Amino acid sequence: MEENSNFIRSIIKEDLESGKRDTVVTRFPPEPNGYLHIGHAKSIVINFGIADEFNGQTNLRFDDTNPLKEDQEYVDSIKNDVAWLGYEWENLRYASDYFEEMYKRAVLLIKKGKAYVDDLSIEEIREYRGTLTEPGKDSPYRNRAVEENLDLFDRMRKGEFQNGEKVLRAKIDMSSGNINMRDPVIYRVSHATHHNTGDTWCIYPMYAFAHPIEDAIEGVTHSLCTTEFEEQRPLYNWVVEECEMPSKPQQIEFGRLNIENTVMSKRKLKQLVEEGYVDGWDDPRMPTISGLRRKGYTPEAIREFVQATGVSKGSGAVDEAMLEHFVREDLKLKAPRTMGVLDPLKVVITNYPEGQVEMLDAEINPENPEMGTRQIPFSREIYVEREDFMENPPKKYFRLFPGNEVRLKHAYFIKCEEVIKDENGEVVELRCTYDPETKSGTGFTGRKVKGTLHWVEATQALPAEFRLYEPLIRDEDLKAADESEDKTFIDFVNEDSLTIQQGFIEPNMKDAKPQDKFQFFRHGYFNVDPKHTTHEKLVFNRIVSLKSSFKL
Ligand code: ATP
Ligand code: MG
């Protein structure tokens, strides 16, 4: 992590200097109920980064206390994503590893008179809980004898009760100003098969009870989480204290990362996947780590971005352009330059010898000369971008139009002499002439032209598919969603968020592999899509265009 200041680093430094701690242990604790998103990357970078900085360690721990929503597929994807981001966990743990230990701690609470079995339903418990201005009411079961509680809790474990029939609650304070302290539920009955423990359990601990115990068992020193858990901190400390945990972790909260024009909650992302709005969790329009990877983002760019957003208590939305800035920065020196025509228009160069093909030299990356050069064929027939021709151009249009001359990148000047149309009046071909004197790299200074176009030689060009992306859901549309009652974010999915174009690329690209990244002249950075690319055709995802409005 960069050496800029952040309040978590300051706390940890002080703890080490004062002798309160002699080591730093953190954990990243995802619930395996979906794929990780860029918000999780923030938590990952903070937890792993800060432990690294102080020679500490970080565990990857799956918070798998809710069997109905969790799945092995998610566990696997999360491990893969954390490793891909460049982090190594010290230990891989599951909350479910500790179910027996948690059960014992709950029994300890009961014995101390600090927990009781309640027969109220979840709705009744909610009603009894009171509000911010009114204290809660005691459950009629609050003063059950310890022996009775022990017996009932044991029978809960044995499966004698239905879901929702009984819960175990911590006995704290029904009039606390903090509603979290009004006898929170700490165990519930759930007859569900767990992806790790199978049918061993039919009672499961609640997150607020399980999490501090997990942290304490693992010797976590600093339990870093997002600010929505701030109100739960007193309960966290209560559990650590009353369960007599041998180690005392400290919870510290930081602000969530939000990005404009990006929905970022697993629940919503899951809905987009399940209802088919995207082609899986790794669809390049998704803000998931796997989606960003497939779109072409690099771990370096994501880490740099997250670090640049800083660590604070606040959580304003960050401009998406900031993320794009960091991927451009990262790819600038790494990505080979190439040319691709996304929407081809045939050009015949009438004065170029028929049957002749010459090879032109071009730098692979002018910003990184060490990458060497590539060879590009040129002949009588080429493709240019359809939008680089206009029959009746406005002023200041410097590309092709009848009578105008332009430069072909790495090649010659060509001049548009004739426009060929089909029976519908659509332009199907341009006839041009070229000037052999103007060959690129020969130092020709005879005259200047204002437009420089990309192109590919027609007979050797490889077919390619280009996928261009726009935000899946825009903030401005979502704001409108809040105002109208019967609409949800799903109603505002942008139907034009994916544009697919069939075009051509340079033949020297034939060995490109999935996840290889290129900068296409004038079009931006692209990634070879691992899902749709075939032997016949490379498919490219646009990572980001070349222009940036973002200033760091
Ligand atoms: P979501 O609401 O998107 O489903 P979550 O908080 O339920 O996310 P968890 O799997 O519980 O997801 O999160 C694992 C860790 O990642 C938690 O410590 C959580 O605080 C953190 N985290 C989740 N989203 C963000 C975010 N947007 N910014 C920073 N940290 C996040
Ligand atoms: Mg969650």
Side-chain angles (χ1 to χ4, degrees), residues 1 6 8 25-51 58-66 68-71 73-79 81-82 85 87 89 92-96 195 205-208 210-212 214-215 218 220 222-233 236 249-274 281 286-292 302-303 305-318 320 322-323 473 489:
M1 182 161 272
N6 81 47
I8 296 179
V25 179
T26 61
R27 85 287 171 264
F28 172 61
E31 183 179 359
N33 61 349
Y35 282 58
L36 296 182
H37 53 60
I38 179 93
H40 293 109
K42 176 149 198 162
S43 178
I44 293 169
V45 169
I46 290 176
N47 276 295
F48 282 88
I50 215 129
T58 306
N59 292 344
L60 172 58
R61 183 209 307 144
F62 290 102
D63 240 310
D64 55 350
T65 53
N66 193 355
L68 287 178
K69 292 190 181 159
E70 296 157 3
D71 201 274
E73 176 194 351
Y74 302 136
V75 169
D76 295 338
S77 76
I78 290 170
K79 281 157 66 175
D81 288 348
V82 173
L85 280 172
Y87 296 103
W89 50 88
L92 181 68
R93 296 283 186 258
Y94 294 86
S96 54
H195 72 100
M206 302 301 287
Y207 179 91
H211 204 85
E214 295 155 23
D215 284 343
E218 291 176 14
V220 166
H222 300 86
S223 178
L224 313 178
C225 63
T226 37
T227 47
E228 71 269 23
F229 294 102
E230 198 160 2
E231 292 271 287
Q232 294 211 19
R233 198 187 327 141
Y236 182 99
Q250 176 186 359
Q251 175 178 307
I252 306 172
E253 310 87 12
F254 62 90
R256 282 177 98 84
L257 171 65
N258 290 303
I259 302 180
E260 285 168 10
N261 295 319
T262 307
V263 284
M264 205 146 50
S265 113
K266 275 181 283 189
R267 185 181 60 74
K268 289 182 180 167
L269 298 177
K270 191 172 185 180
Q271 193 178 347
L272 289 167
V273 173
E274 286 176 350
W281 285 94
M286 295 279 273
T288 50
I289 304 297
S290 50
L292 291 168
I302 294 174
R303 290 199 305 260
F305 162 71
V306 164
Q307 279 161 8
T309 63
V311 179
S312 71
K313 288 274 186 190
S315 62
V318 176
E320 50 185 330
M322 183 169 171
L323 177 57
I473 294 172
F489 79 104

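Residues take their numbers from the sequence shown, with the count starting at 1. Model, not experiment: these values are computed from the prediction. Whatever order the structure lists them in is the order used to number ligands and atoms, beginning at 1.
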*asked:* Is there a side-chain contact between Val82 and Leu36 in this structure, where contact means two heavy atoms from C-beta onward sitting under 4.5 Å apart?
replied: yes
*salt bridge (charged side-chain N to carboxylate O under 4.0 Å, His left out) between Glu218 and Arg61, worked out*: CA-CA 10 Å; Glu218 291 176 14; Arg61 183 209 307 144; 3.0 Å; yes
*Taking heavy atoms and a distance under 4.0 Å, where does Arg267 meet ligand 1: side chain, backbone, both or neither?*
neither
_Under 3.5 Å: N/O of His40 near N/O of ligand 1_ = yes
Mark up the atoms of ligand 1 that fall under 4.0 Å of a heavy atom belonging to [X], in ascending order.
| X | value |
| --- | --- |
| Ser265 | 3 (O) |
| Pro29 | 14 (C), 18 (O) |
| Met264 | 3 (O) |

Can you figure out which of [options] has its heavy atom closest to [atom]?
| atom | options | value |
| --- | --- | --- |
| atom 8 (O) of ligand 1 | Lys268, Glu31, Arg256 | Arg256 |
| atom 20 (O) of ligand 1 | Thr226, Leu224, Leu36, Ile78 | Thr226 |
| atom 25 (C) of ligand 1 | Cys225, Ser43, Gly39, Pro30 | Gly39 |

Between [X] (side chain) and [Y] (backbone), is there a donor-acceptor pair under 3.5 Å?
| X | Y | value |
| --- | --- | --- |
| Arg256 | Gly314 | no |
| Asp64 | Tyr94 | no |
| Arg303 | Leu85 | yes |

*What do the steps show when you test Phe254 against Asn6 for side chain to side chain contact (heavy atoms under 4.5 Å, CB included), and what is the final call?*
CA-CA 10 Å; Phe254 62 90; Asn6 81 47; over 6 Å; no
